[in-house]
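One structure is given below, encoded as structure tokens.
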2 protein chains.
Amino acid sequence: MSYTVSEENYIKRIYHLQQETGLVNTNSLAAEMQTRAASVTDMLKKLKTKKLLQYEKYKGFKLNEAGKKAALDVVRKHRLWEYFLVEKLQFDWDKVHAIAEELEHISSEELVQRLDNFLGNPSFDPHGDPIPDRNGKIPVINQQNLGTIPLKKIVTVSSVGNQSAEMLDMLKHYHIALGTPISVLKRFEFDGSLEIKVLHRNACIISEQVAKNVFVHDVQ
Amino acid sequence: MSYTVSEENYIKRIYHLQQETGLVNTNSLAAEMQTRAASVTDMLKKLKTKKLLQYEKYKGFKLNEAGKKAALDVVRKHRLWEYFLVEKLQFDWDKVHAIAEELEHISSEELVQRLDNFLGNPSFDPHGDPIPDRNGKIPVINQQNLGTIPLKKIVTVSSVGNQSAEMLDMLKHYHIALGTPISVLKRFEFDGSLEIKVLHRNACIISEQVAKNVFVHDVQ
DNA sequence: AATAAAATTTAGACAAATCTAAAAATATTA
DNA sequence: TAATATTTTTAGATTTGTCTAAATTTTATT
Ligand SMILES: [Mn+2]
Ligand SMILES: [Mn+2]
Ligand SMILES: [Mn+2]
Ligand SMILES: [Mn+2]
């Protein structure tokens with residue numbers, strides 16, 4: 001089965017929302033898609049007809065197994081292309097999302113498989129998000145956000161939660177990138193902000209909000 | 001200015017047709033686009049409104065300068081992506097057209113420029129067709145078709161005219177690819193077919209129709 | 001439980017890109 | 001040049017994805 005660009009965008013968005021909330025509701029999807037609730041309802045009917053969705057009027061909805069697989073196909077392509085853009089074309093990691101949002105809809109299966117091989121079958125995209133394999137299997141890592149790790153312990157940045165341009169811009173300013181060694185020197189009880197040390201940089205302070213969106217794992 | 005996928009496909013097709021015939025007519029464009037004459041007329045009105053086209057009802061049409069530049073942008077992307085697919089992803093040259101037909105519509109200017117650099121600013125695509133630069137300038141080469149070169153002279157294959165899957169498949173069978181050294185041993189007056197010698201291969205015979213679509217230039 | 005507020009769906013409209021069938025213009029030919 | 005054939009355009013319909021405004025359903029609050 002193959003889907004339109006619009007269908008694919010909806011499917012992927014529903015997938016991400018249901019990872020967080022289980023059932024998804026119309027308004028939150030409309031907000032994510034930057035469209036109107038009425039348009040969402042229209043698309044839900046279509047996706048239900050195509051048997052990708054469990055959906056009862058007024059009761060919320062979520063992807064079924066076929067829907068999840070379809071979503072993971074799009075996610076896989078999105079993240080592989082992001083990896084290509086950063087690793088091969090030297091884009092900054094905060095500039096690739098919009099382009100991958102288009103590239104993820106190119107339909108050739110063989111293209112995706114060859115791209116995957118060309119890139120060396122990467123497991124994580126430039127934002128640290130896992131790249132599903134062609135069967136939809138997702139690699140896992142143990143990671144915690146910066147707010148929860150013990151003081152002085154040196155850890156490695158593995159992914160970022162909030163991936164808005166604003167956030168990525170801020171991380172660039174702090175010289176925080178994937179793989180960056182980092183440690184927490186002090187936790188301020190007043191507002192939850194952290195004094196951190198990035199390798200080769202002076203200590204600096206980040207807000208609790210930033211800390212919660214920086215995920216790290218043990219140095220290998 | 002940016003255009004829809006459909007507009008870009010029409011613009012590109014008109015460009016290629018007018019290279020051959022000057023003025024283009026509705027039916028031939030409809031045939032090329034695999035659509036109906038009525039649909040072509042609709043699109044012509046749209047492109048005229050967008051000032052890409054000289055068009056008088058019943059009198060034929062052609063792209064103006066703005067239209068040609070728009071077409072060359074699409075051609076440039078198409079051929080750069082084809083080069084990428086063959087040189088980086090190891091696709092066979094006869095498998096890349098349909099995929100490039102999608103990739104050519106990805107809109108980022110920066111992407112195209114970075115791709116161009118990543119590929120080493122190639123001048124010709126895998127079928128030997130010139131790749132316009134970002135200003136729409138097209139590299140030229142002196143080339144003739146195989147039917148017109150002197151017997152025994154060793155020349156190099158530089159491009160192919162007919163690029164149908166059938167033709168490319170046939171050339172693969174003859175071990176004719178871009179850059180292949182080749183010479184004509186004998187010309188048969190009966191049907192215009194040629195006995196040719198491909199380097200490292202036994203002599204063989206190709207039809208006049210094939211010969212006319214194989215372009216060659218002097219060995220450098 | 002009744003009322004108000006919020007969330008969701010329906011009804012009806014629109015733009016883009018396509019189609020078929022019919023009308024109009026142009027070209028061919030007897 | 002008049003009849004015929006071909007080409008092109010128009011008229012009107014259809015599909016997809018979107019919208020606004022109104023109606024309906026669910027949830028929250030007196
Ligand atoms: Mn997308
Ligand atoms: Mn990403
Ligand atoms: Mn195309
Ligand atoms: Mn080509």
Side-chain angles (χ1 to χ4, degrees), chain A residues 1-14 17-18 20-63 67 70-71 74 101-102 104-107, chain B residues 1-14 17-18 20-63 67 70-71 74 101-102 104-107:
Chain A
M1 193 54 50
S2 103
Y3 308 104
T4 69
V5 168
S6 190
E7 286 167 347
E8 288 190 344
N9 284 331
Y10 272 96
I11 292 167
K12 190 180 66 168
R13 220 25 66 212
I14 296 168
L17 283 173
Q18 80 182 32
E20 290 168 10
T21 60
L23 266 194
V24 184
N25 51 297
T26 304
N27 271 347
S28 53
L29 181 54
E32 286 273 334
M33 298 293 298
Q34 314 211 67
T35 188
R36 301 303 177 145
S39 309
V40 169
T41 303
D42 289 342
M43 182 57 82
L44 291 176
K45 288 178 192 163
K46 205 180 309 176
L47 295 179
K48 186 177 188 184
T49 304
K50 296 197 174 187
K51 297 196 192 306
L52 297 170
L53 210 60
Q54 285 172 245
Y55 169 46
E56 271 189 281
K57 265 178 18 174
Y58 295 103
K59 297 286 161 68
F61 49 90
K62 63 178 181 184
L63 299 174
V74 182
E101 201 56 52
E102 292 185 56
E104 70 190 359
H105 306 290
I106 305 293
S107 57
Chain B
M1 194 54 48
S2 102
Y3 307 104
T4 68
V5 168
S6 190
E7 285 168 347
E8 288 189 344
N9 284 331
Y10 272 96
I11 292 167
K12 191 180 65 166
R13 219 27 63 213
I14 296 168
L17 283 173
Q18 80 182 32
E20 290 168 11
T21 61
L23 267 193
V24 184
N25 51 300
T26 304
N27 271 348
S28 54
L29 181 53
E32 286 274 333
M33 298 292 298
Q34 315 211 68
T35 187
R36 301 302 178 145
S39 309
V40 169
T41 303
D42 289 342
M43 182 57 81
L44 292 176
K45 287 179 192 163
K46 205 180 310 177
L47 295 179
K48 187 179 188 183
T49 304
K50 297 198 174 188
K51 298 196 192 305
L52 297 170
L53 210 60
Q54 285 172 245
Y55 168 46
E56 270 189 280
K57 267 180 16 176
Y58 295 104
K59 298 286 161 65
F61 49 90
K62 63 179 182 184
L63 298 174
V74 182
E101 201 56 53
E102 292 185 55
E104 71 190 359
H105 305 291
I106 305 294
S107 58

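A quick note: this is a predicted structure, and the numbers were derived from the prediction, not measured. Below, chain A is the first sequence line, B the second, and so on; all start at residue 1.
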Quiz item: Are OP1 or OP2 of C:dT18 and a side-chain N or O of B:Arg36 less than 4.0 angstrom apart?
Solution: no
Atom pairs and distances, donor-acceptor, side-chain atoms in residues 51-60 of chain B, under 3.5 Å, two or more places apart:
none

Exercise. In whole angstrom, give the distance that lies between atom NE2 of B:His105 and atom P of C:dA17.
Key: 12 Å
Practice problem: Work out which heavy atom in A:Ala37 is nearest to a heavy atom in A:Ala30; give both atom names and the distance. | Solution: N-CB, 3.8 Å
Quiz item: Could you state the CD-P distance from B:Glu8 to C:dA17, rounded to the nearest angstrom?
Solution: 11 Å
Quiz item: Is any side-chain heavy atom of B:Asn9 less than 4.5 Å from a side-chain heavy atom of B:Glu101?
Solution: yes
Self-check item: N or O in side chain of B:Ser39 less than 4.0 angstrom from C:dC19 OP1/OP2
Solution: yes
Quiz item: Within the structure, does a side-chain N or O atom of B:Asn27 lie under 4.0 Å from either OP1 or OP2 of D:dT6?
Solution: no
Practice problem: To the nearest Å, give me how far apart CE (A:Met33) and P (D:dT16) are. | Solution: 17 Å
Quiz item: Would you say the side chains of B:Ser28 and B:Asn25 form a donor-acceptor pair under 3.5 Å?
Solution: yes
Quiz item: With respect to the phosphate group of D:dT8, does any side-chain polar atom (N or O) of B:Asn25 fall under 4.0 Å of OP1 or OP2?
Solution: yes
Quiz item: Under 4.5 Å between any side-chain heavy atoms of A:Ser107 and A:Tyr3, yes or no?
Solution: no
Exercise. Provide the closest heavy-atom pair for B:Lys12 versus B:Glu104 in the form atom of the first, atom of the second, distance.
Key: NZ-OE1, 2.7 Å
Quiz prompt | Sequence-aligned protein contact record of nucleotides 9-16 of chain C, with B where the base is within under 4.0 Å of a protein heavy atom and S where only the sugar-phosphate is | solution = BB-----S
